[in-house]
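Chain naming here is simple, since letters A, B, ... match the order of the sequence lines and numbering starts at 1 in each.
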Amino acid sequence: MGGECICVMGRYILRRLLWTLVVILIVTLVTFVIFYVLPSGDPAVRFAGKEPTQQVVAQVRRDLGLNHNVAVQYLLYLKRLVVGDKYGWPGLGFSYTTGGAIAPQLWQRAQITLQLVLGAAVIWMLIGIPVGVYAALKPRSAFDRSSLLVGLVFISTPVFWLGMLLLWLFWATLGWLPGTGYVTFTTDPVAWAGHMLMPWLTLSLAFAAIYARIIRGKMLDTLGEDYIRTARAKGLPERRVVTHHALRASLVPIVTLLAVDIATLIGGTVVVEDVFNLQGLGSWVLYGAQNQDLPITLAVTLVATIAVSLLSLMADVIYAYLDPRVRPR
Amino acid sequence: MSDVLLEIENLHVTFASPHGPIRAVDGLSLRAERGATLGVVGESGSGKSVTFLAAMRLLDPATATVSGRIRLDGVDLLTLPSREMQTVRGPRIGMIFQDPLAALHPLLRVGDQISETLRAHGDISRRDASDRAVAALRRVGIPSPDERARQYPHELSGGMRQRVMIAMALVLEPELLIADEPTTALDTTVEAQILALIDDLRTRIGLGVVLISHSLATVSQVADTVAVMYAGRAIERGPCSDVFGQPQHPYTWGLLDSLPAVDGGHESLTPIPGAPPSLADLPPGCRFGPRCGYRMPACGERVPDLVERHAGHADACILPMDGREGLRRAPIAHPANSEPAP
Amino acid sequence: MSVDVSILESAQPPALGTGRSPAALMWLRFRVNRAAYVSLIFLVVLTVAAIAAPLIAHLAGHGPNDLYRTSMLDSFGNPKGPTLHFWFGADASGRDVFVRVIYGARVSLIVGVVATGIAATIGVVFGLIAGFRGGGLDTLLSRTSDVVLALPVLLFAIGLSSACSNTAQGCVGGAVTPGLNLVIVIIVIFAWPAMFRIVRAATLSLRESTFVEAGRAVGMTGRSIMFREVLPNLISPVVVYAALMIPESILFEAYLSFLGLGVPGTTPSWGGMLEQASQYYTTAWWLMVFPGVFLLATILAFNLVADGVRDAFDPKATK
Amino acid sequence: MTDPAPLIATEGLTKRFPVTRGILFAHTVGAVHAVEDVHLAVRRGRTLGIVGESGSGKSTTGRMIARLIDPTAGTVLLEGTDITRVGGAELRVLRRRIQMVFQDPTGALNPRHTANQIVGAPLRVHHVAGNRAVRVAALLEQVGLSPDLGDRYPHEFSGGQRQRIGIARALALEPDLIVLDEPVSALDVSVQAHILNLLTDLQRAHGMTYIVISHDLGVIRHLADEVAVMYLGRIVERAPAASIAAPFHPYTAALLTAAPGRPGAAHRRRILLPGDPPSPITPPSGCAFHPRCPKARVISGDPNVVPERCRTDAPPLDNLGRGRSVACWSPVATTDDLVGAAEAMSAAPDIARATSD
Amino acid sequence: GGSSGSAASGSGSRGGTYRVEATDFGFSNNFDPTGEYTTNAWGIYRGLLIRTLVGYKMIAGVPGNQLVPDLATALPTPTGNNTVWTFTIKTGVRFAPPVNRVITSQDVAYAFQRIATPALAAQYGFYYSTIAGIDAFASGKSKTISGITTPNTRTIVFHLSQPTPDFLYRLSLPAAGPIPREVAKCFTAPGGYGRDLVSSGPYMIQGSPTVNVSACGAITPMSGFDPSSKLVLVRNPNYNPATDSTAMRTALPNGFTFTINTNQRDIFDRIQAGLTDDSLNAPPASIVAQVAGNASQRHLIHSGLSDSTKYISMNLAQAPFDDIHVRKAVNLIMDKAGLQQANGGPLFGELATHIVPNTMYNDASSITGYDPYATPGSSGSVSAAQAEMHQSKYDPKHDGLCDASACKDVFTIAVNTSQDTNEIPVVQSALGRIGITLNIRALPPSSAGATVSTVANNVPLALSQGFSKDYADPSTFFTPLFESSSIAPTGNLNESLVGLTPALAHQLGVKIPAGVTIPSVDAKIAACDAIPTGSDRQSCWIALDKYVMESVVPWAPYLTQHDIHLLGSDVTAWDYDQSSNTTAYSHVAVAANKQG
Ligand SMILES: Nc1ncnc2c1ncn2[C@@H]1O[C@H](COP(=O)(O)OP(=O)(O)OP(=O)(O)O)[C@@H](O)[C@H]1O
Ligand SMILES: Nc1ncnc2c1ncn2[C@@H]1O[C@H](COP(=O)(O)OP(=O)(O)OP(=O)(O)O)[C@@H](O)[C@H]1O
Ligand SMILES: [Mg+2]
Ligand SMILES: [Mg+2]
């Protein structure tokens, strides 16, 4: 089975990667189309200064590659993406508004977003799993009910509002935590953590609640499974039944969920980054879209799409590894 | 027969539900003996599974209230501290369930699931445990057991999964095997294999077996003693040949008369009228009374006890002993020939 | 432990079980859930208040866009906090926050209900067709929903809002005008795939169910099976999921408005008010607290109702 | 044996379900040989029983006859007319003549429709003239349900009652043929008897033709005039119900002895077939039963050896006269020697292994 | 104006570092002077890094807008009807490391070659379009710009193809500063040179000396500048104060740091705590209010009156604003005091009553106090506005309200930044009083700009428009804003379409309502623009300003914003650079002893 399994898996992964490519093509195309067909501004005009002559505008267009029709521009973009440009590989071009190269900024900002998302993920898992498991072990108890209700409050809280509330409380009023902004870890680890703490919390509370809910449900389902009864009937200690049999089965589906959530957040922390002034991918794409800076928008879109596709693929592979039933045979 | 292994006395199991208590088991008494097979039959919902889950203390204490006595070799399991109960489950009583796919952990290799049992109940090295697991698989007739041990439940066929379950239940060499509908999910030919296997193990290692089934035929094939359950109580109990040969309780009569014969013809069957009572709303007196063709006024007054009338053959019916056979041929009355909604 | 639930279900007291339509049963079960019931009452009150907003404004003596810049702003244009006449204080333009909060309920409720309604309808119709008919159409719709889910929501929202905002008549030939309409369009675009997936999956399994086969066996046409046999059985997942979509839509509107992409500031909306609050929250807490509390309470109420609806439809879910 | 005028007949009925793999670009990697070359015929007013283990293709055969799925090959003949490919309006007409009752009484009823709606559906679909409500009430009464219960939903009925509703629906159009797919296997014994009685009563009253599918020989022998035994998609034996007790096919023999008989009846010695039924995706060569066949071992005299012919050639369904046919190269005369052979096989490890993979 | 009291302060001493923080540099061309077109960059260039032939004293008020020689020895007198301008460059002015050599006339000429190189996208290259031969160079037809000659290393002569009286002002823009070819030639894409800018001023980017300029491939960005985090300036060792004057640059601090701190509130907290000195961002009104209310802190607020006008622009080709009475009524009803308050109150700006800010007129006496639409308290007058509206064709009922459907739901573009958002309700409420209701789209600044400046969008009304000078000649307002020739399909600044002719309208796809003639001021602009700089020219512009306000009425101007700076307590000297509308970095000083 081994060899064939790997081969089948490989083919499956290849197919998924192919589909990822298709999605990337479509998503970037849509981005292009939104940018060109719908909006109002001509980036060249802005680039060309306050009182541009038509020649200058034309020249800027040429420089920005805007003189070709959309289809050609798109193809050129793809080409540069594949073969690279003067800023290296992949060819992501330069910002229409600042003239700076995209790629180095992208990595820099991706780091911040990644720190934000991963930190938040750790927090929400650390809160969500124990709460969910404990609630499932004591269904309908006071803890269960109150965790459900508190969780629902978290789920219902708009992230930006929570962020503002935290800032108002812990920064503006109490002065316990530093305000918005970002300090690199290497500069000052304490300041780094101080600055990240509120964004992490803001991002993770709703997820913690959602995960607690999901884990509680999965755990309850699992605890109702026949094989848990079997484990008990074998005389296993309750602790082992819970950890080894119930938790294991309950957490496997969480892997997929986690990967997809993290992936979605990589392009989706806009609001938190906005509130906390973090110069990550989210605030960048907001900037790019609001300023019609297509290369920025495309770069973030690309990263987000790739993150979603690859992480969900990874999740599926891990899932297949953890759950023999879904391994391709 | 004196070698009583498991003795259940006046067992009551009540489930709390939003619509009032559900009396799933209601004053049940049973006995299982060493080296013999006790067959427990009854329609769906009659309390067969609950009884033995109660014996294993596997019911959720949050919803189920259990009272009465369940003695294993004279020790009351219901009062045992839960740590000691863990040493009963597995080493002393093994249990297998209806749907072997659902009853095996889908994410663990079958060999590991067996050796885990061993490691939980004794100081045994990982290696020895897995060797013994393979041996257990071999004993239940699984070909190339060492390969199978490394497979996952979904990779095995139904019959094989049930064999794994049996191997797992027996690996600690318990005295009692409780098999709750072990063959319902299996094909006819495979069912025969499994029943034969259980029977074979029983004779070979002197195991006590409780075989729970809703199929009279299945039970009749392998059981030494049979208990017929109805609405949470045993209404007839006795040696297999007696219970099926000279059934005493009108309900047993009804069950047997409902069965189409394998070699029978088209003649009309005689079904039991009505449907089992709601456990949340039991009728007064004899639970079977409302459906009974031989009902007497006294039936509605008290719950008849299980009384032993011949050697080892007991029933819970108020009808006078003499002339029961005659009655069976000529029922007194016949309530409406349709079953009401539960 | 195996619980024979069918017995539990049918063991309801006869008063519950007989002669009542499933809807009535649902309602009975819903009412048992106190949190959901209270939430529903809150939402009803909120809806009434939103409808009666002009009346409330009249009673308060301040219209939603009346400016009290001499009395409620200092010389720097900073707003003043709650007073006897301005219960929730004033915003940075000197408008009555209380009245605007009440008016803001309109946007949230309309968005929640209308966007969800449209998205759910699209999702159900597409999902039903895709799941039932299968084939190329299914592939097309499924892949489309995949791609939509892969699209960056915000970028799309920004693109659409800038595209539709530069002329008086909006975009797509005037079909989409900025503001509430656009917000609803954006929400619909991103919300239908989830419903689509749920309905499609449910339809796929229902299509294999025996009663559908029974329908065919008695000679029903495909369409009749789809609408008479399959659709009624989708009510439960659809209603349950739609109930969950409402708070999500409201939240989404708040996000869009917060980012300045939602309804115009002249229409009071909670998200828009909170956007303004984001400039002032360190000094003017009331701008943040009141609309935020209402937004949270409304979303929470919808979530609780959704939970209640789910429990009512599926008593097993809560355990 | 071909009947002079069978109501329904199949010729070479075959169904293969493609086995696909892949998510994005699904491709066919094989086929489930669900039904292979099935010939059947049932005369008007008679009952054919199909028995066999799970996955042997009973339901698939039934569904093809009821035209719920299309055969891969072969024909279904209703009164001699080929109905295999009819569609549209013709199929609607056909639906009035062939109806089906399903195994799972709960699943077969739409939980969102009342009993009246369910039973009335065929009348509505086929625009049957007359007062529908009256007709539905009559149907419910016919199957032993009070018409008062008509506005209840399926969950408010017991299993037996649900099956009655299913039967009422099948009766609504007064079909000539009813295919009953495991009509009682989901029911408790006491309820099962009610339904079996109902079915016999109805047949007597209306002169309908039944095809009854079951894995329970008791049910089959109770209802059927003729029995067809299926193994891995093929009919291995056909016999009048009365004479099936003396089987010719070793599989039938094993089935008969394995099936728990009526309690109290004399026990036969069981023929314990080793292993599990093979996968219909890769059916064994030759006679599909040969890996598990004790008779083959009796012939060869060695539990490890199967005669060449069994392994290479599929035996045809031979007509042995008196309504009996069997598909076996070496039909059984007595079952006694099979018991021993089967036991020897179980002991021979490599065979048990070969058959269970 | 209000600036005088708070602008210049203290004298200060040498040393220390002047620390500035900003949420974002917002550079438009990555700090490459050839294309960089932002106020903040210009302020830094002028005060610290780039010396142009002519410059400013970088002080507040009208004097700050007067040209003075910088690199040039003197202000030249043009010959040939303002077409020939000859400059002599001071001796001993040297580039900062790594170039280190004396600045020559070729370095100035090279700057113009860069401006004329299309690939470098000089964003305000249009100011130099009258230099003879610049187009030929741009199109590659010529290797040099024929209109710029450098007879010797100290002399540079500009020959213009047409009279350009304000040419001197144009030479004061940073793009016209000297650029060493040996370094800049390596940067062929827009913005690249910004990271290796070679200073000619008293400071330079930190790390300049370590850049290897021997070969293009060896050049690395200067370590002191990272567009996303910081700009650090240190003293230029080659700067010779003798070539400069303290009137222009006192250059007291030892260095400047411009640091990105994305948290705006934090910046002002730090300023108040004395941890930093200044910000490129304006402090929010809430903070200013708080500081102003505290007697001990009030002195930290400084400001200068920026040379900009904030206005509501009306489209003369769109109903109902095609009717001058409506436009006048809009001016009369507008609650300018309310708009001022929305922007933070009087501290944040003075009411504007006409087009060009007074500080841009050398002698503003004849226009100071001019307010053709004066209303009590500047809060708008319903009676006056309705009386005006009464005369309009859009008031058929003659009730003083705009009754016609054209006045309902007038499509309006607004800007969604915080203060501009605050203006919306004020305008809406004011216009409501004369019967005009608005259909408002509040967009981000760049989209709003793009939308309004695309003629085909036919935006009737645009709120929160602002215009600020590039240099202190009123032509920088009138020409782009009101000349018909500046109407362009996209990027159009003449949003009111003043001077739109039917032919042009047709070409742009705009419909002029029947019976409407759109006034033109082309001739008037041309006439003023032809006058050499001086008081005649001024008077001409002032007359035009009044004419536009009374007879064209394309705008409702309302605010000249104050550029407010909250300063740290270490700042001992500060002034406002009127020419750049920023802090006068060349005149600031910090308490050196308190900073290391
Ligand atoms: N956890 C539980 N909570 C409430 N009721 C329960 C629970 N478990 C079992 N019951 C009820 O107890 C009764 C007896 O159930 P039990 O499972 O013992 O029946 P059974 O005889 O095993 O039937 P089957 O043949 O269907 O397995 C049923 O009515 C069932 O609904
Ligand atoms: N729609 C289908 N697609 C693929 N395979 C199918 C399909 N329906 C049935 N099969 C396969 O065809 C074979 C025969 O199935 P069928 O349902 O006819 O068996 P059966 O004899 O009725 O069994 P059971 O007693 O379990 O109902 C099985 O292997 C089954 O898995
Ligand atoms: Mg059971
Ligand atoms: Mg079947």
Top of Asp187(B), Ile272(B), Val190(B) for chain D proximity - count of heavy-atom pairs under 4.5 angstrom: Asp187(B)

Contacting moiety of Glu53(D), where chain B heavy atoms sit under 4.5 Å: both

Part of Leu272(D) within contact of chain B (heavy atom distance under 4.5 Å):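 Answer is side chain: those atoms of Leu272(D) sit under 4.5 Å from chain B.
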
Contact check, side chains of Asp225(D) and Arg43(D), non-hydrogen atoms, under 4.5 Å: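 Answer no - side chains too far apart.
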
Non-neighbouring partners of Arg202(B) that pass side chain to side chain contact (heavy atoms under 4.5 Å, CB included), sequence neighbours left out: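 Once residues adjacent in sequence are excluded, the partners of Arg202(B) under the side chain to side chain contact (heavy atoms under 4.5 Å, CB included) criterion are Thr37(B), Asp199(B), Val209(B), Asp224(B).
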
Greatest number of heavy atom pairs closer than 4.5 Å to chain B - which of Leu149(D), Asp188(D), Leu196(D): Asp188(D)

Ionic contact status for Arg150(B) with Asp146(B), cut-off 4.0 Å: no

Qualifying residue for side chain to side chain contact (heavy atoms under 4.5 Å, CB included) with Pro154(D), from Thr114(D), Ile118(D), Thr106(D): Ile118(D)

Parallel, tilted or perpendicular: ring planes of His249(D) versus Tyr251(D), cut at 30 and 60 degrees: perpendicular

Part of Ser241(B) lying under 4.5 Å from any heavy atom of chain D: neither

